[in-house]
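Remember, predicted model here, so these are calculated numbers, not experimental data.
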Amino acid sequence: MRDFSQDHRWLSINTATIRKSRGVEQPLTDIIEACVQRGIRAISPWRDQVAAAGLPAISKLVKAHGLELSGYCRGGMFPATDAAGLKAARDDNRRAVDEACELNATCLVLVVGALPGALAGQAVHKDIALSRSQVTDGIAELLEYSKANKMPLAIEPLHPMYAADRACINTMEQALDVCDALDPSQTGALGVAVDVYHVWWDPKLEAQIKRAGKERLLAFHVCDWMTPTTHLLEDRGMMGDGVIDIPRIRGWVEAEGFAGYSEVEIFSSGNWWQRASAEVLDTCIARHRSAV
Ligand code: ZN
């Protein structure tokens, strides 16, 4: 297992982590400069942040600084209620692949979606099995396109508390079943993003990380699980402040050969987004050394 205690060369910042500074939305260009100033070598930006700044401007900035992208957030949201909805998802996901290619991302992260309408507050049906089959079909179709463009797809299993509204793939086992079905020869075109926040509790986690192996371990996301958790989406903790044994999980991932970045991904409306982004980044660097 790599020693992270001496430097932060393997730290990546998911740009949602400092989306807000003292509660105020930050432009992606400022976020990038703040990372570069601290010698951070990789980021993982969100599509809305890239769109707000303009893809050409961000692409230029990333290249000028020699920044790597540990991932691009995000594609997915495949389920829909009709053909038009499915097609809209397909088209949008292809654009996400194009953007990820332009930014030379390591992978496009997929948050696959769940019951249509649920995210807006009203699910239009209760058939989660239907959503899961639409997800598999959607990934299968996107995979043709992403393979042709040499952009790996990373399915991110989300904690089961999001099964209704954000992702109906909730365990590593489920994600890997989809990988086995769609990419049986393990070409590296399809894999998983292991986010400790979503999977730390899973009794099968170690075995499923072994099952994934190097070819399918495409991204590793870190933050912490707070007790109590006061918000289902925006109360992620700083590494070391919660109950996740992050070094243990990183050890499992690295034992399979994963040698990429540890990407810090913290959504925290009540705490970290209220602080100055400089303090948050400095804390990320310190905790990357001591708690990851
Ligand atoms: Zn994540």
Please check this pair: side chain of [X] against backbone of [Y], looking for a donor-acceptor N/O pair closer than 3.5 Å.
X      : Y      : answer
His231 : Glu234 : yes
Asn14  : Glu265 : no
Ser59  : Leu55  : no

Which atom pair, heavy atoms only, marks the closest approach of [X] to [Y]?
X      : Y      : answer
Lys147 : Ala189 : CG-CB, 3.7 Å
Cys168 : Ala114 : N-CB, 4.0 Å
Gln186 : Ala212 : OE1-O, 4.2 Å
Cys284 : Thr17  : SG-CG2, 4.1 Å
Glu173 : Gln208 : CA-OE1, 3.3 Å
Ala219 : Ser70  : CB-O, 4.3 Å

Determine whether [X] and [Y] fall in the same hydrophobic cluster, where Ile, Leu, Val, Met, Phe, Trp and Tyr are linked whenever their side-chain heavy atoms lie under 4.5 Å apart.
X      : Y      : result
Ile266 : Val243 : yes
Leu232 : Ile128 : no
Val194 : Trp252 : yes
Leu143 : Phe78  : yes
Val124 : Leu115 : no

Taking the basic N atoms (NZ, or NE/NH1/NH2) and the acidic carboxylate oxygens, is any pair closer than 4.0 Å for [X] and [Y]?
X      : Y      : value
Asp177 : Arg132 : no
Arg275 : Asp282 : no
Lys210 : Glu256 : no
Asp7   : Arg41  : no

[X] side, atom [atom1]; [Y] side, atom [atom2] - distance, nearest 0.5 Å:
X      : Y      : atom1 : atom2 : result
His65  : Glu33  : NE2   : CD    : 3.5 Å
Tyr261 : Ser12  : OH    : OG    : 7.5 Å
Ser277 : Asp30  : OG    : CG    : 8.0 Å
Glu99  : Leu108 : CD    : CG    : 9.0 Å
Ile139 : Ile155 : CD1   : CD1   : 4.0 Å
Cys35  : Leu67  : SG    : CG    : 7.5 Å

Side-chain touch [X]/[Y], heavy atoms, less than 4.5 angstrom:
X      : Y      : answer
Thr171 : Lys204 : no
Val196 : Phe220 : yes
Ile58  : Ile32  : yes
Arg250 : Trp10  : no
Met172 : Ile209 : yes

**Study point:** Pairing residues for Leu119 by the side chain to side chain contact (heavy atoms under 4.5 Å, CB included) criterion, not counting sequence neighbours
**Key:** Met77, Asp165, Arg166
**Study point:** Partners meeting side chain to side chain contact (heavy atoms under 4.5 Å, CB included) with Ser185 (sequence neighbours left out)
**Key:**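 Ser185 satisfies side chain to side chain contact (heavy atoms under 4.5 Å, CB included) with Asp183, Thr187 once adjacent residues are dropped.
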**Study point:** Pairs satisfying side-chain hydrogen bond (donor to acceptor under 3.5 Å, both in side chains), at least one member in residues 74-93, at least two apart
**Key:**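 Residue pairs with at least one partner in residues 74-93: Arg47-Asp92, Lys87-Asp91, Asp92-Arg95.
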**Study point:** Qualifying residues under ring pair (Phe, Tyr, Trp, His ring centres under 6.0 Å), relative to His198, sequence neighbours excluded
**Key:**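 Only Tyr162 meet the ring pair (Phe, Tyr, Trp, His ring centres under 6.0 Å) criterion with His198.
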Exercise for review: Verify whether one side chain among Trp200 and Asp245 offers a donor that lies under 3.5 Å from an acceptor in the other.
Suggested key: no
Exercise for review: Could you list all the ring-ring contact (aromatic ring centres under 6.0 Å, His included) pairs where at least one residue sits in residues 269-292, not counting sequence neighbours?
Suggested key: Phe4-His288
Point to revise | Residue list, side-chain hydrogen bond (donor to acceptor under 3.5 Å, both in side chains) with Gln134, at least two apart or on another chain | key: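 side-chain hydrogen bond (donor to acceptor under 3.5 Å, both in side chains) check on Gln134 returns nothing, list empty.
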